Amino acid sequence: MATKRAQSKSKPASRSHARAVTKVLVANRGEITVRIMRACRELGIRTVAVFSEADRESLHVLHADEAVCIGPPSPLESYLKIDALLEAARATGANAIHPGYGFLSENAAFAERVEAAGVVFVGPPASAIRAMGTKLGSRAIMHKAGVPVVPGTESGSNDAAQVAASARKMPGPWFVKASAGGGGKGMRLVTDASQLEAAARAAISEAKSSFGDDTVYVERMIERPRHVEFQVLADAHHNIVHLFERECSI
């Protein structure tokens, strides 16, 4: 009933979101891509897989209605190549792109490029991604709102020595984290200050290869933490659903 009321008061959706999605290119690989394709199939929507030369025989390629090779094995030369993804969508006639998670899913510039190409971006608007797409940006927003955050550095760097020097100004142990990261990538736990620079160097390298952004920062490690998420979903028709809390520690 709440959804019906929201629909009756909603404003018209933007043209890009109002048109029917008939074919989705999933700009990712692995299990998340298979799940997205399964959902598309249930909705009668055709799918396009993209793959690097190393992933030619991967499961997500076999699940798709069509598949396009977008480059060599390195993600920097394939899954993170916006031009290659847009060309694959154009060549196959896909009128929507789903980013999955990781890679370009939290890249505001990618969302903007997709929309500019006249293709539906299945995800948040670029403004929301830009606000919350990096950990440093999210921390700044929370600070401004008066929400407590884990103690850490408020600016990032891709200089390992500088990252290590900043970390030593606060008590350890420390987490070196990729600002653009997710899923544990670009993250290193450091319990010995002498290992900070090496850990920062490794995190910077992994952040660059995984997200195309090598900015890292440092947070204090919290022992025995609880990870609780509060999830909110909203669509282009101004319907908003709160899914309550999710206890990720379990």
Side-chain angles (χ1 to χ4, degrees), residues 1-11 13-14 16-18 21 24-43 45 47 60 79 96-112 114-115 120-152 175 177-187 207 210-211 213 217 219 221-222 224-250:
M1 187 173 293
T3 301
K4 290 180 179 178
R5 285 200 297 270
Q7 287 176 331
S8 66
K9 297 178 182 179
S10 67
K11 301 174 184 177
S14 64
S16 63
H17 287 82
V21 171
V24 175
L25 182 148
V26 187
N28 217 296
R29 64 183 177 186
E31 175 63 21
I32 182 59
T33 304
V34 173
R35 293 184 186 185
I36 294 165
M37 290 177 176
R38 186 181 301 133
C40 287
R41 185 173 297 112
E42 292 175 0
L43 294 168
I45 298 171
T47 57
H60 76 283
Y79 298 101
I97 291 180
H98 194 310
Y101 61 69
F103 288 140
L104 294 168
S105 64
E106 297 181 18
N107 186 307
F110 179 51
E112 288 174 336
V114 170
E115 291 286 359
V120 174
F121 181 77
V122 185
S127 58
I129 297 174
R130 187 165 283 113
M132 299 299 290
T134 67
K135 292 183 174 70
L136 284 170
S138 301
R139 285 173 62 87
I141 291 172
M142 294 304 105
H143 272 304
K144 187 175 181 179
V147 177
V149 299
V150 177
F175 267 124
K177 293 185 175 183
S179 178
K185 290 186 178 295
M187 182 185 297
S210 297
F211 309 109
D213 183 340
Y217 74 106
E219 284 183 353
M221 185 196 79
I222 297 177
R224 302 179 63 84
R226 296 287 293 276
H227 177 177
V228 180
E229 296 180 357
F230 295 86
Q231 300 188 336
V232 178
L233 298 179
D235 67 14
H237 305 281
H238 303 275
N239 299 307
I240 303 174
V241 179
H242 177 210
L243 300 181
F244 303 100
E245 72 276 4
R246 179 184 181 192
E247 172 55 279
C248 300
S249 307
I250 297 174

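Residues take their numbers from the sequence shown, with the count starting at 1. Not measured: the values here are computed from a predicted model.
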Search all heavy atoms of [X] against all heavy atoms of [Y] and return the closest pair with its distance.
X: Gly100; Y: Ile32; result: CA-CG1, 4.1 Å
X: Ile45; Y: Val21; result: CG1-O, 3.7 Å
X: Ile141; Y: Ala131; result: CD1-O, 3.1 Å
X: Ala234; Y: Ile240; result: CB-CG1, 3.9 Å
X: Pro99; Y: Asn28; result: O-ND2, 2.8 Å
X: Val150; Y: Ile222; result: CG2-CD1, 3.6 Å

- Task: List for me each residue that meets side chain to side chain donor-acceptor pair (under 3.5 Å) alongside Glu247, sequence neighbours excluded, and say none if there are none.
- Result: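 Listed in chain order: Arg226, Ser249.
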- side chain to side chain donor-acceptor pair (under 3.5 Å) against Arg35, all qualifying residues, sequence neighbours excluded: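 With neighbours one apart ignored, the set is Glu31.
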- salt bridge (Lys or Arg N to Asp or Glu O under 4.0 Å) partners of Arg38, counting only residues at least two apart: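 Expected list: none.
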- Message: I'd like to check the salt bridge (Lys or Arg N to Asp or Glu O under 4.0 Å) partners of Lys135; sequence neighbours left out, ordered by chain and number.
- Response: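 Salt bridge (Lys or Arg N to Asp or Glu O under 4.0 Å) check on Lys135 returns nothing, list empty.
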- Query: Going from OH on Tyr217 to OG1 on Thr134, what distance comes out if it is rounded to the nearest 0.5 angstrom?
  - Reply: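 So the OH of Tyr217 and the OG1 of Thr134 are separated by 9.0 Å.
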- Query: For the atom pair CZ (Phe244) and CZ (Phe230), what is the distance rounded to the nearest 0.5 Å?
  - Reply: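 It is 11.0 Å, given to the nearest 0.5 Å.
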- Kindly state each residue pair satisfying side-chain hydrogen bond (donor to acceptor under 3.5 Å, both in side chains) with at least one member in residues 97-108, sequence neighbours excluded.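 Residue pairs passing side-chain hydrogen bond (donor to acceptor under 3.5 Å, both in side chains), neighbours aside: none found.
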- Within residues 139-152 or reaching into it, pairs that qualify as side-chain hydrogen bond (donor to acceptor under 3.5 Å, both in side chains) - sequence neighbours excluded: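 The answer is Arg139-Glu154, Arg139-Glu219, His143-Glu154.
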- Determine whether Ile97 and Phe110 make a side-chain contact, defined as any pair of heavy atoms from C-beta on separated by less than 4.5 Å.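 Side-chain contact under 4.5 Å: yes.
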- Below 4.5 Å, heavy atoms only, C-beta onward: do Ile129 and Phe121 meet side chain to side chain?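 Yes, side chains in contact.
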- Can you tell me if CZ on Arg246 sees more than 12 non-hydrogen neighbours from other groups inside 6.0 Å?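 Atom CZ in Arg246 is not packed in, count stays at 12 or less.
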